[in-house]
Amino acid sequence: MRLSFVVSGFVVAGVLGVPTTARAQMPADGVQQEIQQLRQDLEALKKDYEARLAALEARLVAAQSSTPAAPNVVTADSQGAALPVYGTAASSSKIFNPDIAVIGNFIGTGGHNAVAPSPALAMHESEASFQAIVDPYARADFFLSFGETGVDLEEGYATFTSLPGGLLTRVGKMRAAFGKVNGLHNHVLPWADRPLVIENLVGGEEGISDAGASVARLIPNPWLFLEATGQVFRGDTEADLFESSKPGDVSYVAHLRGYQDLSESTNIDLGVSFSRGHNAAGIVDGTDVGRFTTELYGIDGTVRWRPLRRSIYRSFIGRTELVWSRRQQFGGQQNAFGYFVSADYQLARRWFTGIRYDRSDHADDATLFDRGGSLALSFWPSEFSQVRGQYRRIRYTSDSTANELLFQLVFSIGVHGAHPF
Amino acid sequence: MRRTIAVLAFATWVWPLTALAQGKLNVMTTTEDLASIASEVGGDRVAVESIAKGYQDPHFVEAKPSFILKLQKADVLVAVGRDLELGWLPPLITQSRNAKIQPGGSGYVDASLTAQILELPQGQITRAMGDLHALGNPHYWLDPQNGRRIAKVMADKFSALRPGDRSYFEQRLASFVGRLDEAEKRWLAIMAPFRGTKVVTYHRSFPNFADRFGLEIAGYVEPRPGIPPAPQHTLDLINEMKRLNIKLVLVEPYFDLNTPNSIARATGAEVVVMPPSVGGVKEASDYIALFDYDINLLATAIKKTTTNAGTDVAPR
């Protein structure tokens, strides 16, 4: 490198016109002088090239920083060159793929339950979700539930986000907006199970989840957040809550939700719900001779407290849901009622405790009722997993008492979209 | 007749919403930092409100329905981006019923697109590294350089939506940038003697700040992003701080001070509660005031620790 500099220095010196005739006659100290001269020329040349190189680099930096929506306000700033690299190596190849996640829900059960026994160890559910924006008008959410025996489309719907008139519209298969718990997936429940009132009156774990359409509109008013939702479904639920024997036997769900912030940390959320559909009680040999219907009325209430400054350490949620069922069947209408009340308190960043009281009549025989209670303790190692222990005691109508310990591990991989509040 | 009444009723119901849109530009931002810059640029031609408060952890904001009402009326939504709001903004946008602020809509602004983003992950990343942001560190607003870029993006967006006010927005942008330039010189001068000071921070909130003002972040109280302190990590950190003679622990206002305080006791370091956002403390009332507050806080703390170290050493 240095050699080439010297050589090129000589060449350049020649070109620059060092007087060769004078040089030939120079004595030894003249040669010294000439070498000195050449050194200086070389230094000057080096400086010149360095300056040019620097100028070139600066122009390159300017060119790079101005290409993607150039920040014109930036004043000759070499940092500007380090603009964002869009998509990392992992994501650039799949940029249009939906967000994909799988959530495992493992439940172990110990203890005794003669009425509704659970397996000792079960990979209760593996939920796969696929979520993405479809086009400027809609987004789509799919939730496939892999149980131990088969696969089920838990939900799969398109949401139209920008229809005129403020109508938020969903089409597909979805969990109905009846109360609060019916709309929740297993992995976001604060318990390992669902309350008795949901099991007895609102279709259990599967709940009211059906193919149909949903329209929700905000009702403008100066006082609170008010949202009215109307839904029409085919009329079938997995549990024998609703069963449609004719295309016209659709089921309906209506929900009115009111929400108000009481302070920046406390808020209250109240809802009333209604649902109506044909039930299976009148179906004899595949023909619906009875034409019986079931009507459900519900009230739900949620109180939340989460101080903003300590929001990751402390919170409280109190919930209740009351459900009245009017079920027509041979022998007359059964008017059943059930409810639960629960409270969850966050002790520390990763620790939560909960308590719940349940009571519910049976939908097909309102003279029978079950009641019970639960205590739960949950630990969240990270945002993506949780371990829960739950003690549950249920006194069934048959006078048999179940005492059980439930152990639940929920773990999530991938990107799972945030849940509505 | 009945149908006419129904149509009229519907029209009166929808009409006020469209009529409202012609007044001030309604700007919602996800954080108070963005809200402050939006007010600087928008002046009295915009109405600005932030969803998150400066004193709350911006990763964990509740998607309360009251925010849906505000987003429904927004002309512009400015988000920090880089997945900072991943856990709460998407459902709010979906439920807002507002086509303008859907991603890709005319009023949706991702403020990070022209900013300088640090800590872009290299190679394979997994959640074993904690709650890592795959698109780089989202706390980029803590560099005045990026503040200028964000302001420019906002001025462009406001001008596009209100072409008549373009010169107004541009003049306000120039004024803001001018004041920020002046202030930055002051901040750099204050911090100049302390260049290379090593600090520990709780969360990875300050890489851009450290880069600009010459701090060296040598460790974190969190073992991994989003994972609370663990005993072994804390011990390692204490040893590392002793080895490197680190005397400052910077903590965001929304984190618990127990672990930072015990680290400070073990190492003789100073715990400094340093707001990363406008509104984090009362004094940090706007974007420039935030840096004023943080820089003065830091300079005071560094001076204190160096004089403390002096008195510690003297008696021996």
Side-chain angles (χ1 to χ4, degrees), chain A residues 68-75 77 79-80 82-91 133 136-137 139 159 161-168 216-218 220 224-225 227 257 259-261 264 267 269 304 306 308-313 348-350 381-384 413 415 417-421, chain B residues 10 13-14 16-17 53 55-57 60-66 68-69 72 86-91 93-99 102-105 112-117 120-125 127 130-131 134-136 145 148-149 151-153 173 177 181 226-228 253-256:
Chain A
N72 293 346
V73 275
V74 181
T75 45
D77 155 42
Q79 299 263 11
L83 279 167
V85 178
Y86 293 96
T88 53
S91 67
I133 292 171
Y137 317 107
R139 58 167 290 126
T159 308
T161 46
S162 30
L163 289 187
L167 300 171
L168 187 69
R217 195 185 193 288
L218 301 182
L224 75 170
F225 172 92
E227 183 184 46
R257 179 188 186 193
Y259 169 93
Q260 179 68 2
D261 285 316
E264 70 169 22
N267 54 68
D269 203 340
R304 299 183 189 82
R306 183 187 287 269
L308 291 193
R309 284 165 207 273
R310 281 285 169 270
S311 64
I312 57 174
Y313 299 104
R349 186 159 181 187
R350 309 197 278 184
S382 74
E383 277 179 80
F384 310 103
I413 53 173
V415 181
H419 290 272
F421 192 62
Chain B
F10 187 74
W13 205 22
V14 175
L17 290 176
K53 291 274 190 278
Y55 46 79
Q56 86 184 108
D57 187 338
F60 303 99
V61 176
E62 289 181 296
K64 294 177 189 172
S66 35
I68 297 173
L69 292 179
Q72 190 190 23
L86 190 68
W88 49 275
L89 190 59
I93 293 179
T94 302
Q95 293 176 81
S96 72
R97 298 144 168 93
N98 184 346
Q102 303 293 323
S112 75
L113 292 186
T114 58
Q116 188 198 4
I117 303 299
L120 278 163
Q122 302 291 317
Q124 180 75 38
I125 59 166
R127 293 248 167 86
D131 191 6
L135 300 176
Q145 201 70 264
R148 283 189 275 272
R149 291 175 181 143
K152 170 83 168 88
V153 168
L173 170 68
V177 169
D181 284 344
I227 306 283
Y254 36 80
F255 286 119
D256 200 90

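Lettering follows sequence order; numbering is per chain, from 1.
- Counting only distance, with no hydrogens or angles, the side chain of A:Arg217 and the backbone of A:Gly165 share a donor-acceptor pair below 3.5 Å.
- Using a 4.5 Å cut-off on side-chain heavy atoms (C-beta onward), A:Tyr313 and A:Arg349 make contact.
- The contact between A:Pro420 and chain B is made by backbone and side chain atoms together, counting heavy-atom distances below 4.5 Å.
- Comparing B:Ile68, B:Leu89, B:Asp57, B:Asp256 by heavy-atom pairs within less than 4.5 Å of chain A, the highest count is held by B:Asp256.
- For B:Asp131, there are no salt bridge (charged side-chain N to carboxylate O under 4.0 Å, His left out) partners two or more places apart in sequence or in a different chain.
- No other option in A:His419, A:Glu227, A:Glu264 has as many heavy-atom pairs under 4.5 Å with chain B as A:Glu264.
- Heavy-atom pairs under 4.5 Å with chain B peak, among A:Ser382, A:Pro136, A:Gly417, A:Ala216, at A:Ala216.
- Looking at A:Gln260, there are no atoms closer than 4.5 Å to chain B (heavy atoms on both sides), in backbone or side chain.
- The choice from A:Thr159, A:Ile312, A:Leu224, A:Asn267 that makes the most heavy-atom pairs within less than 4.5 Å of chain B is A:Ile312.
- With chain A as the partner, the residue from B:Val153, B:Leu69, B:Ile227 showing the most heavy-atom pairs under 4.5 Å is B:Leu69.
- At distances below 3.5 Å, not a single donor-acceptor pair connects side-chain atoms of B:Gln72 with backbone N or O atoms of B:Asn98.
- A:Arg139 touches chain B through its side chain: at least one heavy atom from C-beta onward sits under 4.5 Å away, while N, CA, C and O do not.
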(request) Start with the C-alpha distance between A:Tyr259 and A:Asp261, add both sets of side-chain angles, then the distance that settles side chain to side chain donor-acceptor pair (under 3.5 Å), and finish with yes or no. (result) CA-CA 7 Å; A:Tyr259 169 93; A:Asp261 285 316; 2.6 Å; yes
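- Taking CZ from B:Phe255 and CZ from A:Arg309, the interatomic distance works out to 15.0 Å, rounded to the nearest 0.5 Å.
- Using a 4.5 Å cut-off between heavy atoms, B:Pro253 contacts chain A through its backbone alone, with no side-chain atom that close.
- Counting heavy-atom pairs closer than 4.5 Å to chain B, the top-ranked of the candidates A:Ser311, A:Pro381, A:Gly166 is A:Gly166.
- Proximity of B:Arg97 to A:Leu218: side-chain heavy atoms (C-beta onward) are separated by under 4.5 Å at one or more points.
- Contact annotation for B:Lys64: both backbone and side-chain heavy atoms come within less than 4.5 Å of a heavy atom of chain A.
- Under the 4.5 Å side-chain criterion, counting only non-hydrogen atoms from C-beta, B:Phe60 is not in contact with B:Trp88.
- Contact of B:Gln95 with chain A is made through backbone and side chain together, with heavy-atom distances under 4.5 Å.
- The side-chain heavy atoms of B:Val177 and B:Lys152, taken from C-beta on, include no pair separated by under 4.5 Å.
- Both the backbone and the side chain of A:Phe225 come within less than 4.5 Å of a heavy atom of chain B.
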